[in-house]
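These numbers come from the heavy atoms of this one structure, side chains and all, not from hydrogens, waters or symmetry mates.
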Amino acid sequence: MNTLRFRRTAVAVATAAVLPLALTACSSDDSSKDATAGSTPSAAASTSAAPDDSMTMDEPFGPACASVPKDGAGSFDGMAKDPVATAASNNPELSTLVTAVKQAGLVDTLNNAENITVFAPTNDAFAKIPKADLDALLADKAELTKVLTYHVVGQKLTPQQLEKGSFDTLEKSKLTTAGSGMEYTVNDSSKVVCGNVPTANATVYIVDSVLMPPK
């Protein structure tokens, strides 16, 4: 009888000792699952936020980027393989600029430059200039060269550098930039409509107004 009581007591003690450990283990597993489940949305949020950050840092941005061809020489991938004047010639939105660059004899100058930034006015930007004035500008090689080289900065500029910037141009005057995120202006008036476009030797920011150097 004493032996039987001893065994029952031993079993009860052992059960009492093991049960809390089992419950602790289950609780730990549940907590781990809860923690994992709780962290999943954060991880997902972090992952979903990453493309926005990288787009701002590394990829072209802006409303006019939607009109860029998806493939071929005029696409972002195609432009990245060509020097800047050649790349611009493959973008139909920059045909007036390309004509002006050829008229000024700047194709080789721009294609052979290294690590530059070009603020490239769209066809609509040139259309804002009265036709008589634009024709006169295109016919005056010295003045045209002055205007076009004012659109070129002798270093590659990131979007972050445009937030509050002042840069020397190849024309020897300064231009200023301001903005944040995906919205930037040049000289407080010309808006970047497709920015951070890579070419083989330059970064291009397509703008909606022609920049005029100070007199």
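Judged by distance alone, with hydrogens and angles left aside, the side-chain atoms of His151 form a donor-acceptor pair with the main-chain N or O of Leu211 at under 3.5 Å. Looking at Asn201, its side chain does come within 3.5 Å of a backbone N or O of Ala113 through a donor-acceptor pair. Although no hydrogens or angles enter the test, the distance criterion places no donor-acceptor pair under 3.5 Å between the side chain of Asp133 and the main chain of Ile129. Between the side chain of Thr177 and the main chain of Leu162, a donor-acceptor pair closer than 3.5 Å is present. A donor-acceptor pair is defined here as one N or O able to donate and one able to accept, closer than 3.5 Å; no such pair exists between the side chain of Asp208 and the backbone of Pro121. The main-chain N or O of Thr158 is found under 3.5 Å from a side-chain atom of Gln161 such that the two form a donor-acceptor pair. Judged by distance alone, with hydrogens and angles left aside, the side-chain atoms of Thr117 form a donor-acceptor pair with the main-chain N or O of Leu157 at under 3.5 Å.
The side-chain heavy atoms of Val152 and Leu110, taken from C-beta on, include a pair separated by under 4.5 Å. Inter-residue side-chain proximity for Thr149 and Thr145 is flagged as met; some heavy-atom pair is nearer than 4.5 Å. A heavy-atom distance below 4.5 Å is not found between the side chains of Phe167 and Phe119. At least one side-chain heavy atom of Asn91 sits less than 4.5 Å from a side-chain heavy atom of Ile206. A 4.5 Å side-chain heavy-atom check between Thr199 and Pro83 finds every atom pair outside the cut-off. A heavy-atom distance below 4.5 Å is not found between the side chains of Lys128 and Val210. Two residues are said to be in side-chain contact when any heavy atoms from C-beta on lie closer than 4.5 Å; Val207 and Val186 meet this criterion.
Evaluation of the salt bridge (charged side-chain N to carboxylate O under 4.0 Å, His left out) rule for Lys70 yields no partner, not counting sequence neighbours. Asp135 meets the salt bridge (charged side-chain N to carboxylate O under 4.0 Å, His left out) test with Lys131; sequence neighbours excluded. For Lys146, the side-chain hydrogen bond (donor to acceptor under 3.5 Å, both in side chains) test picks out Glu171, with sequence neighbours left out.
The distance from the CD1 atom of Ile116 to the NZ atom of Lys156 is 9.0 Å, given to the nearest 0.5 Å. Summarising the geometry, atom SG belonging to Cys65 is positioned 9.5 Å from atom CE belonging to Met182; distances are rounded to the nearest 0.5 Å. We find the OG1-CG distance between Thr96 and Leu134 to be 7.5 Å, quoted to the nearest 0.5 Å. One distance of note links CD of Glu143 with CG of Leu148; it measures 10.0 Å at 0.5 Å rounding.
Contact between Leu97 and Ala120 at its shortest, heavy atoms only, is CD2-CB, 3.6 Å. The two atoms that bring Phe61 and Pro159 nearest to each other are CE2-CG, 3.7 Å, heavy atoms only. Annotation for Ala64 and Ser67: closest pair O-OG, 2.8 Å, computed over non-hydrogen atoms.
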Would you check, one step at a time, whether the test side chain to side chain contact (heavy atoms under 4.5 Å, CB included) holds for Leu144 with Gln103? CA-CA 8 Å; Leu144 183 59; Gln103 195 84 359; 3.8 Å; yes
Derivation and outcome, side-chain hydrogen bond (donor to acceptor under 3.5 Å, both in side chains), residues Asn196 and Thr203: CA-CA 6 Å; Asn196 208 29; Thr203 298; 5.0 Å; no
Which side-chain N or O atoms in residues 188-195 pair as donor and acceptor under 3.5 Å with protein atoms at least two apart or in another chain?
from	atom 1	to	atom 2	distance (Å)
Ser189	OG	Asn187	O	3.4
Ser190	OG	Ser209	N	3.2
Ser190	OG	Ser209	O	3.0

Validation: residues 71-78 side-chain donor-acceptor distances under 3.5 Å, sequence neighbours left out:
from	atom 1	to	atom 2	distance (Å)
Ser75	OG	Gly72	O	2.6
Ser75	OG	Gly78	N	3.1

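With no hydrogens or angles considered, a side-chain donor-acceptor pair links Asn111 and Thr86 at under 3.5 Å.
With a 6.0 Å radius and a threshold of 12 heavy atoms from other residues, nucleotides or ligands, Gln155 has its CD atom above the threshold.
With respect to Val101, the side-chain contact (heavy atoms from CB on, under 4.5 Å) criterion is satisfied by exactly one of Thr109, Leu106, Val118: Leu106.
Put simply, Val98 and Leu138 are part of two different groups of oily side chains (I, L, V, M, F, W, Y) that touch within less than 4.5 Å, one to the next.
Residue pairs that meet the salt bridge (charged side-chain N to carboxylate O under 4.0 Å, His left out) test with at least one member in residues 172-184, sequence neighbours left out, are Asp168-Lys174.
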